[in-house]
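Below is one structure; the comments refer to it alone.
Start at 1 and go down the list; that is how both ligands and their atoms are numbered. Below, all heavy atoms of this structure are taken into account, side chains as well, without hydrogens, waters or symmetry copies.
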Amino acid sequence: MSTIPATSARDRVLIFDTTLRDGEQCPGATMTLDEKLAVAELLDTMGVDVIEAGFPIASNGDFEAVAEIARRSKRAVIAGLARAIPADIARAGEAVRHARRGRIHTFVSTSPIHLAHQMRKSEDEVVEIILKTVAQARDLVEDVEWSAMDATRTGLDYLCRCVEAAIGAGATTINLPDTVGYATPAEYRAMFEAVRTRVPNADEAVFSVHCHNDLGLAIANSLAGVEGGARQIECTINGIGERAGNAALEEIVMALRTRADALPYETGVETTMLTRASKLVSHATNFPVQFNKAIVGRNAFAHESGIHQDGMLKHAETYEIMTPASVGLAKTSLVMGKHSGRAAFRSKLGELGLHLSDNQFQDVFERFKALADRKKHVYDEDIEALVDENLATAHDRIRLVSLSVIAGTHGPQRATLKLALDGRTVTEEADGNGPVDAVFNAVRALVPHEAGLELYQVHAVTEGTDAQAEVSVRLKDGERTVTARGADPDTLVASAKAYLSALNKLAAAARRLHAQDPAAV
Ligand code: KIV
Ligand code: ZN
C-alpha cells in the first residue's frame, strides 16, 4: 500500500510562474525592465502564487529587475534563481530581500550524464554541494526551493539521496524537473510517487513539477506529476521557454478548472486575466502566439465549419467546453472612434484590464486620438497595441520623428527619415530595393550598427484595409538576439518603428553588462 498522504477533495496546487526566468532566457525573448515590471504586476494581480523574477547573478539588469519586482510585490512569493554556488545564492538572497515573501531557488544537476560531462563531479561531491548551498540559502531566507536538474534522467536511488539531503538542509520545496522534456506522463507520475514514498523526510517539503515541451508532453507530464503528489506547478505564460518551451500556465489552469471532475485540484489564478497576460507577454517578448494555441490562440474559440456553427447557434455547449468569457475574451461594449473622449477611453482601458499611470494615460490617449483620426473604428486590439507600444518605448533613446517614402513601379524607392537621437534631431535620405529596404537603409545610415536582420514579418492587427500593420523585426548582434514590434496603419512607419525598437532593445541589453559569466541553464 502506498504511503503517499491522501489528498483532500480538492487540493490547492501552487502556480509558480517562470516566464521572467525560464521564459525570458530563450533566444530573442529579452524583456526590458519596464516590460518585466508590467508582467510581474499582472501575474501578482491574477493570483499566481510564486513569481520567479529572474536569475540575479546573471547580470546587473537581472538583479535590478528581481529586486524591483520584489519591492513592488503585493501577494506573490518572489523567487530568484541561483546555481549551487555561494556567490549566486548570496546575490539571489540580496535581490529577494525586499519582497514581502522572498524565495531562493537553487539547483544542481543530478543525472549521470550531467555529472560526468557538465559538472565533472562525483555523486558524493554533489551531495556535499547540496548540503552546503541549501543551508546557506536557508540562512538567508525561510523559503528555499531546491531543484534536481535533469531529475527525469537520474537514477531513483541517487535522486532520493539528493532530495533527502536537500530537505535535511532546509529546503521547503523540492522541484524535480523534466529538464530535457524526455519523460512520459506515467514515468513522471511514478517518479513523484516513488520519491515521496522512499524519502523519509518527504512530508517536510512541497513537491514541484517543471516540464519542458520537447515532445509536446509538458502539460500531460505536469498534470501526471500532480497526480503523483506534487503540489506546485512551474510554468510560463504562452509556454515560452528554452527550446520547445515550458508547460503553458493558461493550459494548466484551464485544464484544472474545466476538468475539475477528473482533476480535483484548484489554483488561485483568476482565469479571466489569462488572455490579457498572454497578449502582454507576447508583446513584451515579441513571440507571436500560434493561431491554434489552446486557450489563448486567435482561433481557440472560433467555430468555422458549418456543422460547428449550426451547433453553436443552437446550444453553445455542443462544441464549447469552456466559455470565452472564462479566459477574459468577453466582447466589450464600447466601440471607440474619433469622438470618444477621455472618460470613455479610460473606461475602455478599465474594461480591457489596462491600468496606466497619469503620464502613460496622457501619452496613450494622444496616440489613440491620432489613430482615430486615420481609422474609423479603433478596436480593442488596436488599443492594446498602443498601450504595449507606450510600455515598450518609454525609455527609448532613438525615436521616430517623421518618415516619408517615394515608392511605386519605377525604383529605386527613396525614404526620408527624421529621428530624435538622445534628444538631437537627425535626418537622412536613402534609396533601396523596395520601400522597406530604403527605410532600413536610412536607419542604418543614421544609427550605424553591426547587427544583422534575421526576421521581418508583417501582419494586420484587425481586419479591413485601414487596419494597423504590426511589423516584427529580429536583430542579431553577436550572441545577442532581440525581437521587437511596431504598429501603425502605414506599414512602412510600422516597419521603421519595429526596427528602431529592436535597436533600442539592443542598446538597453548592452547596458546590462554581465556581472559574471552566467551558467547555461
Ligand atoms: O529545466 C530546468 O531544469 C530548470 C531548472 C533551473 C529548474 O529550468
Ligand atoms: Zn527549465
Is R21 positioned over the aromatic face of F55, cation under 6.0 angstrom from the ring centre and no more than 45 degrees off axis?
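Cation-pi check for R21 and F55: fails.
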Salt-bridged, [X] to [Y], with N to O below 4.0 Å?
{"X": "K74", "Y": "D44", "result": "no"}
{"X": "E142", "Y": "R101", "result": "no"}
{"X": "E454", "Y": "K476", "result": "no"}

Just to be sure I read this right, does ligand 1 sit under 4.0 Å from the backbone of [X], its side chain, both, or neither, counting only heavy atoms?
{"X": "H210", "answer": "side chain"}
{"X": "D22", "answer": "side chain"}
{"X": "E234", "answer": "neither"}
{"X": "R21", "answer": "side chain"}

For ligand 1, which is the ligand I care about here, please tell me if N175 has any N or O atom under 3.5 Å from one of the ligand's N or O atoms.
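N/O-N/O distance below 3.5 Å does not exist for this pair.
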Examine S147 against ligand 1 and note whether any of their N/O atoms are separated by less than 3.5 Å.
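By distance alone, the answer is no.
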Between the Zn ion (ligand 2) and D22, which N, O or S atom of the residue is the nearest one?
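Nearest N/O/S atom of D22: OD2.
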Which atom of H212 approaches the Zn ion (ligand 2) most closely (N/O/S):
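Going through the N, O and S atoms of H212 one by one, NE2 ends up nearest to the Zn ion (ligand 2).
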Evaluate the ring planes of H210 and H212, with Trp represented by its six-membered ring, and classify them as parallel (under 30°), tilted (30 to 60°) or perpendicular (over 60°).
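Tilted.
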